[in-house]
Amino acid sequence: MDKTYNPHAIEQQWYQHWEENSYFTPSGTGSPYSIVIPPPNVTGSLHMGHAFQDTIMDTLIRLKRMQQHDTLWQVGTDHAGIATQMLVERKVQAEEGLTRHDLGRDKFLDKVWEWKEESGGNITRQLRRLGASVDWDRERFTMDDGFYTAVQEAFIRLYEDGLIYRGKRLVNWDPKLHTAISDLEVVSEDEAGHLWHMRYPLADGATTANGDNYIVVATTRPETMLGDTAVAVHPEDERYQHLVGQFIELPLVGRRIPIIADDYVDQEFGTGCVKITPAHDFNDYAMGQRHGLTMINVLDQDAAILATPEVYNTEGKSIEHSETIPAAYQGLDRYAARDGIVADLQGLGQLEKIEDHTLKAPRGDRSGLVIEPLLTDQWFVSTKPLAEPAIAAVEDGRIEFVPKQWENTYFAWMRDIQDWCISRQLWWGHRIPAWYDDAGKFYVGRSEADVRAKYNLGDINLRQDEDVLDTWFSSGLWTFGTMGWPDMTEALKRYHPTDVLVTGFDIIFFWVARMIMMTMHLMKHEDGSDQVPFKTIYVTGLIRDENGDKMSKSKGNVLDPLDLIDGISLEDLLAKRTGNMMQPQLAKKIDKQTRKHFPEGMAAYGTDALRFTLCSLASTGRDIKFDLGRIEGNRNFCNKIWNAASYVLMNCEDQDCGQHGDAVELSLADRWILSRLQRTQQKVLSALDSYRFDHAAEALYSFICNEYCAWYLELSKPVLWDDNASPEQLRGTRQTLVQVLESALRLAHPLMPYITEEIWQKVKPLVGKTGPSIMLEAYPEFTADMVDEQAEADLNWVRDVIEGVRNIRGEMNISPAKPIPLLFSKGQESDQAKLEANRSFLIKLAKLESVTWLPAGEEAPLSATALVGQMEVLVPMAGLIDKDAELARLTKELAKLNGEIKRFNGKLSNAKFVDNAPAEVVDKEREKLAEAEAAAATLQQQVAKIEAI
RNA sequence: AGGACUAUAGCUCAGUUGGUUAGAGCGCUACCUUGACAUGGUAGAGGUCGGCAGUUCGAAUCUGCCUAGUCCUACCA
């Protein structure tokens with residue numbers, strides 16, 4: 001073994017070895033256990049969120065594989081419609097100065113495929129670096145041929161089942177990307193704006209209660225007045241009740257529009273009068289539907305004012321009209337039009353006032369532009385009928401959320417779900433399988449030929465729908481689409497439903513909910529009942545930076561998991577964080593921050609340390625502040641394991657470690673560590689079973705560091721270095737050293753695959769194992785009768801003595817190099833027996849010169865005192881210890897004891913406590929009181945003794 | 001507006017059904033190169049568990065209210 005732990009040197013080769021030997025391939029035997037990876041964007045790169053989730057998944061898969069399940073971890077990537085298309089558009093623009101329209105659809109798509117081929121390997125390479133044991137042989141892509149078939153099949157079935165429809169509806173329109181987007185892709189944030197109060201003149205000489213011949217409407221979007229088709233008031237609003245049914249003469253436009261009553265209107269807000277523009281606002285649209293209002297669209301695809309408005313009835317049917325838009329606004333961008341209209345109203349004296357007002361601006365999450373509600377022809381999924389079974393599946397436990405609280409979020413959304421707009425006016429994606437004839441009638445089918453045959457269309461002209469499907473439509477099929485659906489393949493029969501989905505809460509709606517709906521509708525068990533996509537949803541938190549801020553490129557606080565693994569120089573880190581920025585003006589600040597946080601770049605911590613850290617932080621499913629201190633500590637933990645293994649091998653390689661079956665004699669320490677190992681196995685197993693990766697990590701850390709390394713390795717030395725030790729004793733200790741190490745490695749393997757494999761390969765012959773890889777070995781099990789309570793109690797006695805001495809040494813500043821004589825006084829017979837049995841442990845670990853048992857009645861010299869139960873452990877002060885220092889130490893100890901005694905007494909003198917608390921609790925308190933009192937008395941005597949001189 | 005979550009040591013976090021002397025890692029202090037390990041060892045300091053009230057013999061843990069923060073959903077034109 002190399003002298004020092006170097007993750008880089010060991011991690012490279014093992015992954016390749018595992019993959020080449022097909023260890024990731026499902027074994028085909030044992031009970032199936034399957035996970036699908038949430039497909040990352042094919043052109044993306046791995047971020048901390050991926051690293052986190054993939055670590056969790058790999059830990060589960062490795063655990064189950066070692067538990068002899070038939071494990072499938074399905075891998076693949078997503079085509080990520082908008083994101084990828086935008087990226088390639090930018091690239092083409094930068095490199096060739098062309099837009100996608102310059103290229104045309106086919107050529108542009110060629111470019112996207114080229115880019116996919118070029119960069120698609122990036123993310124899979126990174127997955128390999130993380131140690132993800134996915135089945136590469138089954139790697140899929142959401143736009144591969146199989147998915148093409150699956151998506152078509154899904155669309156057609158949903159259409160035929162009446163769950164997909166096409167219609168002219170108000171949708172979120174992105175004026176930059178020129179596509180509809182779903183509600184979920186719109187993010188609303190508070191922005192400063194204004195509320196314009198505009199006078200709308202009453203027609204036909206009507207007046208308000210106070211004699212005005214106009215009413216005032218308040219709006220945040222004055223420019224949409226061009227499409228107003230009503231003004232609404234609350235039916236019970238006394239100010240305006242009498243005007244309901246009257247008309248407004250729309251300023252600048254001259255259109256006569258009715259005043260209607262609708263209790264949607266909030267009397268308190270603004271003036272209590274609302275202008276209604278059904279074609280440009282979702283609430284107005286709904287009101288228009290209720291009141292049969294005409295819809296007048298005044299905006300084009302760029303959100304600029306049309307020359308001629310489009311007028312529709314409530315069904316979305318275009319109607320003949322003579323509406324016009326004042327020439328002054330035609331062709332103006334929506335904001336320019338707003339300025340013009342406001343100025344013109346002001347000129348007419350019809351602008352009452354302008355108030356400051358914060359509003360939620362709805363922005364497209366990709367383009368960042370304020371989206372525009374726009375009337376367009378789109379395809380929709382009727383979600384209500386799909387949502388019902390999907391809700392039921394979670395209610396009745398067929399699907400379980402971990403942590404459970406996410407169910408609420410899921411239910412809340414599913415019970416109020418809106419129809420899903422699935423068509424996108426993009427080029428990169430699954431083209432909608434619908435064909436139109438010249439009259440605009442559409443036919444849904446698998447291909448043009450299929451459609452012709454199916455609908456008996458003969459030789460008429462057909463053209464396919466130009467639009468593609470929302471990316472989430474195809475990823476909604478991920479669990480079964482990847483396994484060969486619509487064919488009922490062996491894989492589907494065996495591995496579907498999958499066992500657990502590991503994902504972030506941010507895509508519960510985008511993906512998880514839709515996956516459940518689509519899967520339950522399309523996938524059936526043999527008895528015809530719905531299949532769920534997965535039985536458990538483990539929801540992870542978000543990884544944030546050390547300040548709790550979201551990691552983002554524009555903030556320059558992104559940590560790249562690969563940098564944590566491999567390390568990175570300050571220069572490279574700066575280049576990475578400030579290069580190729582969307583907002584170059586931020587570069588300077590980021591540069592400064594980065595220099596401050598990472599003056600020397602980042603150290604290489606290795607994959608195992610990163611994975612272990614991510615596991616140890618994976619507690620409640622809440623967000624995680626990623627603290628570099630943790631990964632550094634865990635790198636040191638890896639180093640610790642490495643050095644411990646080095647010690648074990650040094651003492652056991654080429655030695656008889658009992659692997660040949662010869663008799664062994666186990667020391668107390670041997671029996672103790674074996675017992676502790678069992679308890680650790682129990683803890684780790686139950687932690688992993690309940691998705692508490694943090695508890696599993698903690699149990700491993702504390703066992704390996706604080707028990708195996710800190711105590712057991714030290715306790716092995718007195719045996720191994722004892723010239724008089726018998727072969728049985730030597731064998732016993734060597735056997736325990738290697739067995740416990742080997743078990744601990746297997747126990748830790750799912751979390752830290754590389755270092756455990758590297759060391760295991762060297763240790764395996766010493767425990768008589770011949771398997772090719774630790775990842776194929778059996779996972780340790782908990783065996784209750786291997787817990788040795790007596791050994792644990794006895795060793796605690798040994799530890800107490802040693803710690804008592806160390807405490808005196810530390811507090812009294814006695815050099816660790818100085819061997820000291822030790823006296824035992826007032827002990828029981830059992831203490832004496834323990835002393836004799838463990839003399840060598842005490843001498844070695846407490847660095848003692850001598851150990852003397854004082855018989856009862858024999859006076860001890862003036863000493864510093866430590867207590868182990870009732871027994872006094874004495875370090876004679878002569879020449880070693882300063883009297884005042886010992887007095888101070890004793891006084892501190894006494895103060896602590898007296899505090900405890902007071903508390904115990906308080907409790908026990910409370911009759912209510914004694915009467916009501918369970919007897920065993922009361923007894924325990926009494927016992928603790930007695931112990932504390934005895935200890936205090938002893939220390940008090942010591943104090944008196946010292947003070948007497 | 002509705003909902004969820006969080007508040008424990010200087011920092012990042014554990015603390016299962018109410019009963020511990022409230023724990024870990026990092027950081028801090030002192031001492032130490034002792035034959036696995038200075039990416040180390042030993043010892044130590046540090047917390048009235050956000051606040052107030054309640055339930056209980058007993059509350060970090062249960063209930064209510066309050067404060068601070070994070071997030072989600074829906075929105076006022």
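Within every chain, numbering begins at 1; the chains are lettered A, B, ... in the order of the sequence lines, protein sequences first and strands thereafter.
Using a 4.0 Å heavy-atom distance criterion, A:Arg903 is classed as a sugar-phosphate-only contact. Residue-level contact check: A:Asp266 touches the bases, meaning some heavy atom is under 4.0 Å from a base atom. Looking at heavy-atom distances under 4.0 Å, A:Lys847 makes no contact with the nucleic acid at all. Among the atoms of the strands shown, only primed sugar atoms or phosphate atoms (P, OP1, OP2) are found under 4.0 Å from some heavy atom of A:Lys625. Counting non-hydrogen atoms under 4.0 angstrom, A:Cys709 reaches a base of the nucleic acid. Within 4.0 Å (heavy atoms only), A:Phe626 reaches no atom of the nucleic acid at all. Nucleic acid contact for A:Gly606: none, since no nucleic acid atom lies under 4.0 Å from a heavy atom of the residue. Contact annotation for A:Ala817: no contact, since no heavy-atom pair falls under 4.0 Å across all strands.
In this structure, A:Lys896 places its NZ atom 7 Å from C1' of B:U21, rounding to the nearest Å. One atom, NE2 of A:His695, and another, C1' of B:G25, lie 14 Å apart when rounded to the nearest Å. Straight-line distance from the CZ atom of A:Phe637 to the P atom of B:U39: 18 Å, rounded to whole Å. What separates CD of A:Glu191 from P of B:C75 is a distance of 17 Å, to the nearest Å. In this structure, the CD atom of A:Gln405 is 12 Å from the C1' atom of B:C71, given to the nearest Å. If you measure from atom CG of A:Leu617 to atom P of B:C26, you get 14 Å, rounded to the nearest angstrom. In this entry the distance linking CD of A:Glu920 with C1' of B:C57 reads 15 Å, nearest Å. Atom P of nucleotide B:A24 and atom CZ of A:Phe693 are separated by 25 Å, given to the nearest angstrom.
Across all strands shown, the partner of B:C5 is B:G69, judged by Watson-Crick or G-U wobble contacts whose two distances both fall under 3.5 Å. The partner of B:U39 cannot be assigned: no Watson-Crick or G-U wobble pair with both contacts below 3.5 Å exists in any strand. Shown here, B:C28 forms a base pair with B:G44; the pair counts as Watson-Crick or G-U wobble because both key distances fall under 3.5 Å. Under the Watson-Crick and G-U wobble criteria, each requiring two contacts below 3.5 Å, nucleotide B:A60 is left unpaired.
Annotation: B:G54 and B:U42 have their P atoms spaced 47 Å apart (nearest Å). Here, B:U29 and B:A9 have their C1' atoms 15 Å apart, quoted to the whole Å. Between the C1' atoms of B:G58 and B:G19, the separation comes to 7 Å (whole Å). Look at the P atom in both B:G47 and B:U6: the space between them is 26 Å, to the nearest Å. Spacing of C1' atoms, B:A77 relative to B:A7, comes out at 38 Å, to the nearest Å. Across the C1' atoms, B:G51 and B:C26 are found 29 Å apart, a figure rounded to whole Å. Straight-line distance between the C1' atoms of B:C66 and B:U73: roughly 25 Å, to the nearest whole Å. Distance noted for atom P between B:C52 and B:U61: 12 Å (whole Å).
One finds a side-chain N or O of A:Asn916 lying less than 4.0 angstrom from the OP1 or OP2 phosphate oxygen of B:C57. A:Lys907 has no side-chain polar atom (N or O) that falls below the 4.0 Å cut-off from OP1 or OP2 of B:G19. For B:A77, neither phosphate oxygen OP1 nor OP2 lies less than 4.0 angstrom from any side-chain nitrogen or oxygen of A:His197. A close approach under 4.0 Å does occur between a side-chain nitrogen or oxygen of A:Lys928 and OP1 or OP2 of B:U21.
Between A:Phe269 and A:Val274 the shortest side-chain heavy-atom distance does not fall below 4.5 Å.
For the pair A:Arg734 and A:Trp721, the cation-pi test (distance below 6.0 Å, angle within 45°) is failed. Relative to the ring axis of A:Phe913, A:Lys907 places its NZ or CZ within 45° and under 6.0 Å from the centre.
Taking the nucleotide of RNA chain B with the nearest heavy atom to each of A:Leu713 and A:Glu900, the more 5' of the two is matched to A:Glu900. Between A:Lys275 and A:Leu184, the residue anchored nearer the 5' end of RNA chain B, judged by the nucleotide with its closest heavy atom, is A:Leu184.
Remark: the A:Arg806 side chain and the B:U42 base include no donor-acceptor N/O pair separated by less than 3.5 Å. Scanning atom types as modelled, one donor and one acceptor separated by under 3.5 angstrom connect the side chain of A:Glu714 and the base of B:A36.
In this structure, the side chain of A:Asp281 does not engage the main chain of A:Ile276 through any donor-acceptor pair within 3.5 Å. Checking side-chain atoms of A:Ser646 against main-chain N and O of A:Trp642 turns up no donor-acceptor pair under 3.5 Å.
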Checking side chain to side chain contact (heavy atoms under 4.5 Å, CB included) for the pair A:Tyr605/A:Leu610: CA distance, chi angles, key distance, verdict?
CA-CA 7 Å; A:Tyr605 298 111; A:Leu610 174 63; 6.0 Å; no
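Stacking between A:Trp721 and B:G35 is shown: the ring centroid lies under 5.5 Å from the centre of the six-membered base ring, and the planes differ by under 30°.
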